[in-house]
Structures are given as C-alpha cells and as structure tokens.
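Right, one structure below, let's go through it.
Chain A is the first sequence line, chain B the second, and so forth, proteins listed ahead of strands; every chain is numbered from 1.
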Amino acid sequence: MKKILGIIAAMGMLLSVSAQAGDFAEQSIVLQISDPNPFKQTLVLNVANNIIKHYGQDKVNLEIVAFGPGLRLLFAENANQDRIAALSSTGVKFSACKNTINAMAKKLGHPPALNPNAVPVSAGVVRIVDLMNKGYKLVKP
Amino acid sequence: MINKTIFKKTLAAAAIVAGLSAIQVAEAANWLMLQGTERPGTAGRAKVWGFIQAQYQADDSEPFTHPTDGDLYIPPKLIGPNLTSQQQFNVNRARLGLRGTGMPLDSSVNYFLLAEFGNNGITANDNDAVVSDASITVNTDAVRIRTGLFKTPGPEEALQAIHVFDYVNFTSVTNQLMLERFPQLGDVNTARADLALDTNKGSISAYSRPVGAFRDTGVQFFQSYKMGGWDHSYAVMLGNGNGMNFGDTNNSKDLYLYWASEKSFGGKGPRMQGLKIFAWSQSGKRYDAYDITTTDEQDRTRSGFGVKYLKMPFRVTFETMSGNGMIFQGQHRPQDAINDLEASGNYLDFGYYIPNSKWEVDLRVDTYTRGENHGTSAAGDESTFDTNTVAAQYHINKKSRLTMSYDMRTFASDTAAVNTQLKGVANRLALQLTHIF
C-alpha cells in the first residue's frame, strides 16, 4: 500500500512539474546573466535564440534571469530591446532581480526603467533555484 | 565673438532640433552615432581598442631638373609625411583608445579617447604621441551634446572611420581642400641639404603645426531619428577652427552644419549597408599668421554633398566639395595659404566585393581644381589634380586586411613655373596592412 501511495505521489510530482513546464515542452532551461561584460548580453540572447530554433518554441520552456550587473540587459533603454521583444513573442520569459533593482536605485537616485517584457522577481538567484527545483536546467553562457 | 550670421544659423538649426525632438530616436549606424555615442545599456566602463596601419609607398615621379641646382622635388613627388624619399616603409597610424561610459548604470553620458602614435601629418613635426580625440557626450531624448576634440561634421571621406577607409591615400580634394594646414609666423620652406635627394622644395618642416585631421575642439549638438524607414541625422557644431591645436588663435568660431538621411539594407557598425545622402557646410575665419599687426581675418568656407550606396557586393560613392579662402598651395608654401582663392573637386568611387572570396576591387576617379579665381585674387595659380586609382583589398579576417592601391596622377597648372613642377608628377604605389583590435 505504501509503495502504491509512493508511486502515486511521485507521479503527482512529475505531473506537477510537467504542467508548470508546459504541456508539450520537452526541455525547461533557465539562462543566467549576471556579468557586466556587454558581450555576454549578446551571447545570452544568441543562446536563447539557438535554443528556440533547435527545440521549437512550443517544445521548450525558457527563462532568462538577470541579476547583478547583468540586469542592464533588461533596462528599458538597452540597445537589444528589439531582440528581447522578438524572443518574448516566442514565449521566452525575462526575470529581473528586485534586490538588484533596489541596489541600483540607490546608486542612480531612482529605480532603473525596465523593459516592459521584464517581470521583477524577489531575488534572481532564488528564482533560479526555484526553477531548478521544478526541473529546469541552468545554463550560464 | 560669434557673428550674427552664425548666430542666426544656429538659431535656425535649434528650431529644427526643437521640431524634431518629439520624433522617435533612431539607432542609426552613422558616423555621428558610431563615434559620439555608445549602445545604451550595454557599453562598459572602458573598452580598449585601436588599430595599426603599416605601409610601403613608392612614387614614380620625375624630378624637375634645374639648370644650376640639379634635380628638385616638390611634395607630391615624395612620400609623406616626411617628404624625404620616393620609397618608404612607414607606420602611418598606430592608435590606441578607450571608450565607454564612466557609470555603466547610466547611459546618459559617454566618452571617447584616442591617441596617435604613428608617423603622419599629426605627429611628424615632433614625433610625439598626440591625443587625437577626447570627447564627452551627454545624451538626452531631444538632443545629444558632444564636447571636446573630435571629428567635425563634413564630407564622408573625412568623417568616416579611417580604419575602414577603402584606399591608402586621400583624394586630392579631401587632402587639399579639407585636410587643413595651419601656418604660423616663421613657417617657410626650408632647404634640406642633409638629404640625398635635394628636396628643398618639399620639406614638411615648412608647417610647424600638425594637420587638422578633420578635427576641431568645440561643442556639437546632434541626433538621429527614424522616420519612414530612413534614419535622419543632423549635427550643428561650433568649434575653435584650429584643428588638432588645443586653444584658439582668434575670437571667431567655426560653424559646422551636417545632415544625412540613410536607408539601411542591413548589417551594423562602420560596414552597415545602405543608401546615404548627405550635405554639409563649414564656415569660419583665420587670422593672418604672417601679419600680426592686422586685425583682418580671412574667411574660410567649405561645403559639399554626396551619396553613398553599399549593398553587397557593390559600393558606389560620389562626393562633390567646394571652398573659398585658405586654399592650400602645397606643403612647401605655407606663406601662400592665407588667400581668398576658390577651389572645388569631386570623386566617384566603385567597389566590388568578389562573392565567395576575401577579395575586394576598387576604382576611384577624383579631380580637384584650385585657384579658379586667381586672376582676380592676389595670389595663386589655377592648377588641376586628376587621379585615377585602382585598388584591391584582401580581407584576411574581419579585423585585418591588406590594401594595395595604384594612383595614376595627372597634375597641371596654367602658371608655367608651377606647371613645370607638376607635370612630372606620375604614378604612386601603396601597400598597407591594417589590423584593428
């Protein structure tokens, strides 16, 4: 009986992850950008584009989490805003670390204006851990 | 003091700026934006960059044989900037710079710093490294303001980044009309008895100050807008009118006006493909270095327009320019540079990038006439400088290329004494390796 309940519980967890990852998704990937190097911005967007191209936008759940200096990718003025909009239209999610936003607000004297496709999360690193607990694979380009 | 004409032009330009301020700001890949701004949200605190150009040039011109002084050479028959030989290896340019934004979180301010270590008209006089660009740009939605020392708005051949220039030597019109030389008291042609060649008519020591290098110190208001699939850019600049020389020699300020409209065909950066049309003007006054007792100043005006088409594998560029006052009379005649002569010229350039190869072939036809009004002027001669240039470039990679060019020159003058010298000017070979880092 205990084994049966265990199997049912395990199946329930798997179903839960599957539902959160999307009904038809074969892969769930989170990309981290926390580097000040501007080339990393291009790189992380290129990687996202390649993932979508390889798996197909309906077969992958993809989220880019930006924190620390990497949050500049999600500034409203960022020169890559057209690419971010294009990726967002394919279902890619963009998460912006609130801790970083608050720290930058102190330096700037005002909160940085964010890309409209960016969704603030309480902490970037916590968001990554949460996603990994749900079965996402972490990639740091 | 800024005169009334400049003030009115500046006001008119400001009105245009105000009218355009509500239109969407474009990310046009043009020289104003490439050299004066950074990509928002991405630029680092300090990006190190630069380039080196090593070259070899050989001039096939014949000297003028003087009845008593022997063979004599004028500057176009010698290899610059030293003008001491008809064959020379040289490191023409070696530039090292930094650019970026001091506070990466805030893209509203950026800087551009570049120093020249090579051997050219900027550095040849004292062989010291020279700061060629040092500017700060403040960016707002309505207008961008660039201050410091930087390239002035002007013709494409002068304003473009020199490390992507498709030839080794400038056209005659750009070299003579736009690359300003600044004479000062004491500058005269000097004999060089120490040289194997008798180059006493061609010593670069005639000019003791560096060439202008198409630069000036001042303030520039500019912006770029996207409208109807085109990027439209303008610039209004006030400068000292003193080239690479920090400081000024008079109270008059030069006014630079520039407009460009560009339809992009793709790509980005200095090699962006597109169709660009542009027009510009420059106006200022120069003091008479040889008559420090006079308060009279010589007007210097330049204007031009052009079109550039680049869509792989073809490139076509046409520019025409004209000017009045301070018309260059040769590297050996600084004392004749202060004049009210007229000059004009143009060039047509074709480029073909051979598909599926690393080769590019180029053809350029340029002509320049100076002293068109010399009959009514106090000095000068009417001289024409026609050059046909064939070139080939081998692109080793995106940052390195070999440029080979061959200039076929026909120079002539309506004044016998000048024509005697010019008619011997012949062909010139140039090989140059460029590496950008």
Between A/Glu77 and B/Ser107, is any side-chain donor less than 3.5 angstrom from a side-chain acceptor?
yes

Can you tell me if CZ on B/Phe437 sees more than 12 non-hydrogen neighbours from other groups inside 6.0 Å?
yes

Around atom CG of B/Leu113, are there more than 12 heavy atoms from other residues, nucleotides or ligands closer than 6.0 Å?
yes

Could you verify whether a donor N or O on one side chain and an acceptor N or O on the other, from B/Arg39 and A/Asn78, lie under 3.5 Å apart?
no

Would you say the side chain of A/Lys107 lies within less than 4.5 Å of the side chain of B/Asp106, judging by non-hydrogen atoms?
no

With a 4.5 Å cut-off on side-chain heavy atoms, are B/Leu105 and A/Phe75 touching?
yes

Side-chain (A/Arg72) to main-chain (B/Ala43) donor-acceptor, under 3.5 angstrom
yes

Scanning both residues in full, the closest heavy-atom pair of A/Pro38 with B/Gly44 reads CG-N, 4.3 Å

